[in-house]
Number of protein chains: 2
Amino acid sequence: MSPRPAPDLDSRRDQVLRAARAVAESDGWSAVTMRRLAGELGVTQPVLYSAFAGRQALIDAVALRGFGDLAAALEAVDAAPLPRMRAYLDFAAAHPRVYEAMFSMPLGLPFAADDTPEPLRQAFSALHDAFPDADGTRAEVVWSALHGLATLDAGGRLRPAHTQARLDLAHRLLTEQETS
Amino acid sequence: MSPRPAPDLDSRRDQVLRAARAVAESDGWSAVTMRRLAGELGVTQPVLYSAFAGRQALIDAVALRGFGDLAAALEAVDAAPLPRMRAYLDFAAAHPRVYEAMFSMPLGLPFAADDTPEPLRQAFSALHDAFPDADGTRAEVVWSALHGLATLDAGGRLRPAHTQARLDLAHRLLTEQETS
DNA sequence: GACGTTATCTAACGATGCTAGCCTCTGTCC
DNA sequence: GGACAGAGGCTAGCATCGTTAGATAACGTC
């Protein structure tokens with residue numbers, strides 16, 4: 001085996017995180033066990049605990065990186081309603097398990113509190129930029145609608161053939177004038 | 001112990017289901033273990049398997065009853081947008097763990113397929129009645145928005161003080177004229 | 001009163017997250 | 001050049017989970 005090459009905590013954390021993401025995307029989060037990840041990386045379970053405090057901390061890390069990726073995906077397109085909506089839904093569809101970790105699994109991350117991690121704040125800002133208003137209520141509603149579309153679609157709750165029609169309708173409704 | 005009183009499978013299923021719902025609402029789904037439920041009911045674990053094929057089937061049953069309750073809650077109010085939106089969000093807020101089982105946990109239930117269980121169809125119809133359109137796309141978008149609002153709010157992702165403002169804005173946006 | 005049926009309990013299996021303790025290797029200092 | 005300290009990894013194990021097989025005891029019937 002590896003004699004004693006390079007611990008390098010950061011790169012190890014990255015390896016574990018990538019392995020977790022890969023297993024989750026292919027076989028679901030229930031398959032993401034510490035033993036499976038250890039086997040995938042060619043080490044034993046206890047080694048993983050030097051990178052993450054536990055399974056929950058690992059999932060939190062995957063989710064946090066997911067928020068960073070989502071923010072990047074949103075910022076990569078024009079700060080207009082339709083492009084950002086499409087980017088959001090594309091991200092959720094492309095990485096359903098990561099999206100699940102971000103929103104549908106119990107996390108230890110704070111959200112609307114003052115100590116909200118930066119990637120979360122950044123992702124929300126990217127939405128707010130495309131749907132500006134005074135206090136962010138509009139962005140929250142937009143976010144909710146997108147999240148609902150993404151989640152229900154991914155869960156097979158909506159008719160798959162109508163994905164585009166739903167996006168078009170949602171776009172039209174959400175960009176109506178706010179005539180108080 | 002009970003000598004051989006009354007098996008009565010239906011009532012036992014009901015007992016187990018209620019216990020599961022109660023434990024889930026108080027301590028979360030991770031606390032809903034077969035041993036915990038058995039202890040709660042004064043029986044042993046294997047007895048539960050005479051009522052449900054396994055833990056997953058039990059969760060499915062809780063979710064299915066939840067859809068029935070949601071449909072009833074929606075039908076109990078006027079078939080108008082705002083009352084039904086409020087009823088939906090109230091249900092999700094009142095039974096967060098049941099709602100979680102219905103939408104955020106892996107279920108074995110079919111959804112948009114032809115064999116969709118009746119309670120699901122009924123709940124969706126109650127939304128469609130309040131947001132009628134030709135092919136149901138509008139109702140799906142409304143449903144998505146409500147689901148997003150309910151989920152993100154329950155998960156602490158949104159500012160708690162603005163719940164009412166979000167509902168008002170969502171209502172205004174979703175009831176705009178559909179000028180094609 | 002004896003019997004078969006049936007519901008129940010006891011006990012166990014495999015798998016999980018996580019941890020304690022030993023062992024091996026690396027790098028350093030004399 | 002060689003011994004030592006320390007860091008990192010591995011083996012083995014604990015408690016808990018879902019689930020199941022086999023033994024046990026109570027009921028209704030004849």
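Protein chains get the first letters and strands the later ones, always in sequence-line order, with residue 1 at the start of each.
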Qualifying residues under side chain to side chain donor-acceptor pair (under 3.5 Å), relative to B/S125, sequence neighbours excluded: none
Name the atoms and distances for all side-chain donor-acceptor pairs under 3.5 Å in residues 93-103 of chain B, with sequence neighbours left out.
| from | atom 1 | to | atom 2 | distance (Å) |
| --- | --- | --- | --- | --- |
| B/Y99 | OH | B/Y88 | OH | 2.7 |
| B/Y99 | OH | B/H147 | ND1 | 2.7 |

Rounded interatomic separation in angstrom, taking CZ from B/F52 and C1' from D/dT20: 19 Å
By side chain to side chain donor-acceptor pair (under 3.5 Å) - contacts of B/E40 (at least two apart): B/R36
Set of side chain to side chain donor-acceptor pair (under 3.5 Å) partners for A/R18, sequence neighbours left out: A/D14
Base-contact (B) and sugar-phosphate-only (S) positions in nucleotides 11-20 of chain C, heavy-atom cut-off under 4.0 Å, - elsewhere: -B---BBBB-
Separation of D/dC17 P from B/L37 CG (nearest whole Å): 11 Å
List, one per line, each side-chain donor-acceptor pair under 3.5 Å for residues 76-85 of chain A, sequence neighbours excluded.
| from | atom 1 | to | atom 2 | distance (Å) |
| --- | --- | --- | --- | --- |
| A/R84 | NE | A/L74 | O | 2.9 |
| A/R84 | NE | A/D78 | O | 3.4 |
| A/R84 | NH1 | A/A126 | O | 2.7 |
| A/R84 | NH2 | A/L74 | O | 3.4 |
| A/R84 | NH2 | A/V77 | O | 3.2 |

